[in-house]
Student: 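Sharing a structure below in structure tokens format, with a few things to ask.
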Amino acid sequence: MLYFSNILYLKNMTYTYRIKLLVLALAGCFTVTAPALVQARDITLPKYSKDAQLAAFHSATDLNVTGNARFDEEDPLTEILSINEVDVWGRIRSGFGIPDLDNRLVENHMNWYSKRPEYFQRTTQRGSKYLFHIVQELEKRNMPTELALLPFIESAYNPHARSIAKAEGLWQFIPSTGRHYDLGQNAFRDERRDILSSTEAALTYLQKLHDMFGDWQLALASYNWGEGSVMRAIKKAERAGKPVTFNSISAYMPAETRNYVPKLQAVKNLIANPRRYGIDLPSVENQPYFVTIGKTRDIDVKVAAKLAEMSLDEFRALNPQFGPYVIAGGNEVKILLPGENAEKFRRNLSRWTQPLSSWTAYQVTGSREKVEDIAARFNTSPDLIRQANNIPSRAVLKFGSAILVPKTAANDRDIAPELVENARLVWERDLPSTRLVRVPVKKPVKLASIAKRYRVSVAELKSWNKISGDTAGKGTILKVHVPYRSASSRTAGKTVRVRAATLKSARNSRASRVKVVLNAGKTSAAQKNLVKSKNVRTAKTPQSKQAVKSRVSAKQASAKKSTAKKPKKT
């Protein structure tokens, strides 16, 4: 009889491994039992190790794994255990399913990578943390396993990578596509960088593209360029009588997309035969690199890394979705840690007596609020708040913005999960309320007219210019503090010259411009019926032509009548 206490052990076996195990079990060669899973208070995945794998196939009558037991090389069970030692690279090779692409760009990229073995080694080493999870998710969906190499092209397996187009994470989702696939983005967390969420979204997106085009190479081109762009390129190829393949429509693609699929093919070729090209792949064991841990309270990123006994860079490589300071949100928020570090985290957390988090949140409720005012309220420095929230030096926060601030004795609560989910940061330049404009007076003018022109009061004009009368004399240069936002950007910081005698004409000209705008609608409507003409001035409507004919005929008729009435000269 075949017993499993957890289906995960069966799922993580290779296909060949499962078949052989099933055959042996049905033949009654041995009894399979699963080991007792290592339980932890907040670990949600079982711990994987070689000992656990051996114990999974332990039989009291046929196999003794205690002490220094030796295995019989002829025993079929020994063969099964050796098969299970295949690493993740072997699983990827056995699951290749995309037809090979043959064009000259593939060879170019293979030469480029093979001449830079250090880069290839460094990138694959970085990706070794994520490959087991990605391959496992691909196998669940029956998708080609070379798609696990796509982050090599997208981000070089850097979960903090960001492109010029603001694409983020291993799979490089832009903001709009990320939102479409439920990848939350707020001031405290960006799930486009989340290892688990972004991988699920990317594979769902790739599946959708493959269903749309029925071709993995076109699906990959769409992932890079967009499905609408690829559809238009396909239509161009069809009109030109070309087959619908990547090579045939690549001429209609931009250079980035034209090289995108060949790059993946080049990496695939090098992974398939690394020794041939002098590539040394890092060892990636065929077991999970990380487990998930549930969070119950807000915790500083540095504190979490310390409890897990990891460096800050190692911790953030697995948890890049969080900001650099605090992990906030509800109980559903998960932290990824290597298995043995998860045990250390649990043990150290039970002994921790200091506050877990030193940050809380503040939300702007007014229309505008300065960072200096918020810093004074929380007894901290403006520079600290700007650094923690990535706020520029000359910026003011707008209504609804949520920012991190240090906890105080009066406000030491965790950040509400609702605030985290909807947190946003909106700021604008902190411009002065007014700017100084100098107005030269060419002729005597009343202050009331200038005050009305610049929407200030006469009293303010008198105060700014220290004038007691109601009139400004010739040659006077008046100082006017104009509201900054209503001022023209072209005249900002420049001297504005206004003739006093032209103030009235300026107001009249504004009225005339209103008339022009009102008549513009009539003019545009009349132009719709214009007859095509090279000279716009000579263009006539059909109605005007008919009117001209009728007027000409009327003139001719009147001319005949007049000549008929005149007496003949003798």
Side-chain angles (χ1 to χ4, degrees), residues 89 92-124 127 131 134-135 138 143-157 161 163-165 167 170-172 202-203 205-279 281:
W89 299 117
I92 292 175
R93 295 186 193 102
S94 64
F96 283 166
I98 300 176
D100 288 338
L101 179 68
D102 184 17
N103 67 30
R104 61 179 182 82
L105 292 176
V106 175
E107 193 68 28
N108 292 345
H109 292 300
M110 287 181 64
N111 293 334
W112 193 93
Y113 288 129
S114 60
K115 290 179 181 178
R116 294 163 177 82
E118 313 85 18
Y119 171 79
F120 206 91
Q121 166 77 14
R122 186 170 61 252
T123 304
T124 50
L131 280 172
I134 298 173
V135 172
L138 286 168
M143 296 173 70
T145 51
E146 58 261 57
L147 294 175
L149 307 175
L150 193 59
F152 190 109
I153 312 302
E154 286 286 353
S155 60
Y157 289 108
S163 72
I164 300 176
L170 286 178
W171 301 93
Q172 289 292 282
L203 300 191
Y205 186 25
L206 286 166
Q207 270 188 322
K208 172 194 170 186
L209 294 173
H210 180 259
D211 293 341
M212 182 182 299
F213 294 99
D215 183 290
W216 277 114
Q217 293 172 0
L218 295 181
L220 288 166
S222 301
Y223 188 89
N224 175 258
W225 193 24
E227 52 265 45
S229 300
V230 172
M231 289 293 290
R232 287 189 290 271
I234 289 174
K235 291 180 180 179
K236 291 179 181 179
E238 289 176 339
R239 287 195 293 268
K242 297 180 180 180
V244 181
T245 63
F246 178 84
N247 282 335
S248 64
I249 70 170
S250 61
Y252 307 107
M253 296 177 178
E256 179 185 346
T257 308
R258 197 180 309 126
N259 285 271
Y260 185 76
V261 180
K263 281 183 181 180
L264 181 62
Q265 181 67 53
V267 174
K268 173 183 175 181
N269 293 345
L270 296 178
I271 296 296
N273 197 349
R275 291 183 181 179
R276 177 182 177 184
Y277 302 98
I279 300 296
L281 293 177

Student: Within the 4.5 Å heavy-atom criterion, are P151 and W171 side-chain neighbours or not?
Tutor: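 They are in contact (side-chain heavy atoms under 4.5 Å apart), so the answer is yes.
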
Student: Which value, rounded to the nearest 0.5 Å, describes the distance between E107 atom CD and M110 atom CE?
Tutor: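 If I round to the nearest 0.5 Å, the distance is 5.5 Å.
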
Student: Between T257 and M253 (side chain of the first, backbone of the second, donor and acceptor by atom type, cut-off under 3.5 Å), is there such a pair?
Tutor: no

Student: Under 3.5 Å, is there a donor-acceptor pair linking the side chains of Q207 and D211?
Tutor: no

Student: Taking side chain as C-beta onward, heavy atoms only, is F96 less than 4.5 Å from P144?
Tutor: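 No. Closest side-chain heavy atoms not under 4.5 Å.
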
Student: Considering all heavy atoms of both residues, which atom of F213 and which atom of S222 are nearest to each other, and what is their separation?
Tutor: CE1-OG, 3.0 Å

Student: Minimum heavy-atom separation for L105 and P262, please, with both atom names.
Tutor: CB-CB, 3.8 Å

Student: Taking side chain as C-beta onward, heavy atoms only, is I234 less than 4.5 Å from L218?
Tutor: yes

Student: Measure across G278 and P117 and return the closest heavy-atom pair with its distance rounded to 0.1 Å.
Tutor: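 The answer is O-CB, 4.1 Å.
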
Student: Drop me the distance from S114's OG to N269's CG, to the nearest 0.5 angstrom.
Tutor: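 Going from OG on S114 over to CG on N269, the span is 11.0 Å.
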
Student: Could you check whether any side-chain N or O of N103 sits under 3.5 Å from a backbone N or O of V106, counting only pairs where one atom can act as donor and the other as acceptor?
Tutor: yes

Student: Measuring from Y260:OH to Q265:CD, what's the distance to the nearest 0.5 Å?
Tutor: 14.0 Å

Student: Looking at E154 and L170, would you say the former's side chain and the latter's main chain have a donor-acceptor pair under 3.5 Å?
Tutor: no

Student: Among all residues two or more places apart in sequence or in another chain, which pass the side chain to side chain contact (heavy atoms under 4.5 Å, CB included) test with M212?
Tutor: K208, E227

Student: If we only count heavy atoms from C-beta on, is the F246 to W216 side-chain gap below 4.5 Å?
Tutor: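 A side-chain contact is absent here, since even the closest heavy-atom pair is not under 4.5 Å.
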
Student: Counting C-beta onward and ignoring hydrogens, is there a side-chain heavy-atom pair between I249 and K242 closer than 4.5 Å?
Tutor: no

Student: Determine, stepwise, if the pair I279 / Y113 fulfils side chain to side chain contact (heavy atoms under 4.5 Å, CB included).
Tutor: CA-CA 9 Å; I279 300 296; Y113 288 129; 5.9 Å; no

Student: Is the backbone of N224 close enough, under 3.5 Å, to the side chain of Q172 for a donor and an acceptor to pair up by distance?
Tutor: no

Student: Sub-3.5 Å donor-acceptor pair from the side chain of E146 to the main-chain atoms of I98, do we have one?
Tutor: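 Yes; judged by distance alone, with no hydrogens or angles, the pair exists.
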
Student: How long is the straight-line distance from CG of N273 back to CZ of R93, given to the nearest 0.5 Å?
Tutor: 8.5 Å

Student: Show, in sequence, the C-alpha distance, side-chain angles and deciding distance for F120 and F152, and conclude whether the ring-ring contact (aromatic ring centres under 6.0 Å, His included) test is met.
Tutor: CA-CA 9 Å; F120 206 91; F152 190 109; 5.0 Å; yes

Student: Given side chains that start at C-beta, do those of L220 and L150 come closer than 4.5 Å, heavy atoms only?
Tutor: yes

Student: Can you tell me how far the CD1 atom of I271 sits from the CG atom of L281, to the nearest 0.5 Å?
Tutor: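 Rounded to the nearest 0.5 Å, the CD1-CG separation comes to 4.5 Å.
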
Student: Once rounded to the nearest 0.5 Å, what's the spacing between atom CG of L147 and atom CG of L138?
Tutor: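 Result: 5.5 Å between the selected atoms.
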
Student: Which atom names give the shortest non-hydrogen contact between Y157 and T123, and what distance separates them?
Tutor: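 Heavy atoms only, the tightest pair is CD1-O, 3.5 Å.
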
Student: Looking just at side-chain N and O atoms, do H210 and D215 make a donor-acceptor pair shorter than 3.5 Å?
Tutor: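 Note: H210 and D215 side chains miss the donor-acceptor criterion.
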
Student: May I ask you to decide if the ring planes of Y205 and Y223 are parallel, tilted or perpendicular, using 30° and 60° as cut-offs?
Tutor: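 Correct class here is tilted.
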
Student: Would you check if the side chain of K268 reaches a backbone N or O of K263 as a donor-acceptor pair within less than 3.5 Å?
Tutor: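 Answer holds: no.
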
